[in-house]
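All remarks here apply to the structure that follows.
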Amino acid sequence: MAYTTITTAAEDNILTITLNRPDRMNAFNGEMMYDLIAAFDEADSRDDVRAVIVTGAGKAFCAGADLGAGGATFDRNARKDREPIPEVDGKPDLSHQAARDGGGRVTLRIFQCLKPVIGAINGAAVGIGVTMQLPMDVRLCSENARFGFVFSRRGIVPEAASSWFLPRLVGISQALDWCYSGRVFPAAEAKAGGLVKEIYPADELLPAARKLALEYAEGAPVSLALTRHMMWRMLGADHPMEAHKVDSRGIFHRGKSDDVKEGVTSFLEKRPAKFTGKVSADMPEYFPWWDEPQYR
Ligand SMILES: CC(C)(COP(=O)(O)OP(=O)(O)OC[C@H]1O[C@@H](n2cnc3c(N)ncnc32)[C@H](O)[C@@H]1OP(=O)(O)O)[C@@H](O)C(=O)NCCC(=O)NCCSC(=O)/C=C1/CC=CC=CO1
């Protein structure tokens, strides 16, 4: 796959996606939106990929929207890197896909991913550079990482569905503190606030992310996909009964699979499991979210 703003590399069942505009602090633009969506399509479509790591090239993870790209503006129709929003009866058609914030399209694509996703945050992560991390399952960061929900400082609003993700991850008070203040805060504050799992010296970050990804990748791929979606989706449930119905379907669906036989047999034979399970055609029947092209 030919990408211009990112690179991807697959090794040992792990796809590493690297934001790759180091001379611009990996600032986000329209091309990066399309590249990231395509990279997560790549991750989902490859059977050899069982976990994903997202990191940045150079000293930053991502400095947010490229403020140089369209002049000092967030006006979508004034930017050349995005398709314009069409008008209906002289008014912008807000139901059109072009009216959706590009960062949000990436965030929702990551949310939809069927593999575990680890953020390896190697430096400054601001604006969409931090909100794109929120649907990743776990974030590790380097000692020099900094984070900033700087939206109020730029006169806009928290984007990329972060008003759903952030309070769920860190609680409403912490979410509002970071978004009201717009301060750029260090790795230690990110860890204390629950945004980051662990902090590493810069040269130990990627090895640590790989170690974790390899551990996750040992699980049965279909189990991992279902686990990922059951956990995330049930954050929106009102009652544990909803979760009980979903996990009952999961148990029923996986119960007869070869992966269950392999999981049990490998345990009894005291050897590592070799899972071969693939996505089956009846997935959407059991799990309505399985196939959601509208997120793209
Ligand atoms: C915290 C910083 C990211 C890094 O700070 P520091 O390490 O001290 O580096 P600086 O000296 O500030 O910056 C180095 C050079 O990079 C340029 N630069 C930094 N960020 C950007 C950017 N986002 N776009 C373009 N250029 C950038 C900076 O001007 C320096 O250039 P020179 O060396 O030529 O002077 C810090 O840089 C910072 O806070 N940057 C601003 C981050 C920001 O506000 N990003 C946008 C947030 S909003 C967003 O991401 C979301 C949306 C949402 C919806 C719709 C549309 C768009 O955006």
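Whatever order the structure lists them in is the order used to number ligands and atoms, beginning at 1.
Taking the six-membered ring where the residue is Trp, F287 and H253 present perpendicular rings, their angle passing 60° and hence far from 30°. Ring geometry, F149 versus W178: the interplanar angle falls under 30°, so the pair is classed parallel (tilted spans 30 to 60°).
For the residue pair S142 and N144, a side-chain donor N or O sits within less than 3.5 Å of a side-chain acceptor on the partner. The closest side-chain donor-acceptor pair between E262 and T276, if any, does not fall under 3.5 angstrom.
Note: no N/O pair closer than 3.5 Å links A124 and ligand 1 by distance alone. Considering backbone and side-chain N/O atoms, I128 comes within less than 3.5 Å of an N/O atom of ligand 1. The shortest N/O to N/O separation between R146 and ligand 1 falls below 3.5 Å. Close N/O approach between R154 and ligand 1 is found [any backbone or side-chain N/O within under 3.5 Å]. In terms of N/O distances under 3.5 Å, ligand 1 is approached by A65.
In the candidate list G64, C62, A63, A63 is nearest to atom 42 (C) of ligand 1, counting heavy atoms. The option with the heavy atom closest to atom 9 (O) of ligand 1, from among E159, M25, R153, is M25.
Only the side chain of D101 comes within 4.0 Å of ligand 1, judged by heavy-atom distances.
Close approach of ligand 1 to G127 (heavy-atom distance below 4.0 Å) involves ligand atoms 47 (C), 49 (C), 50 (O).
Side-chain contact between Q133 and F165 is absent, with no heavy-atom pair separated by less than 4.5 Å.
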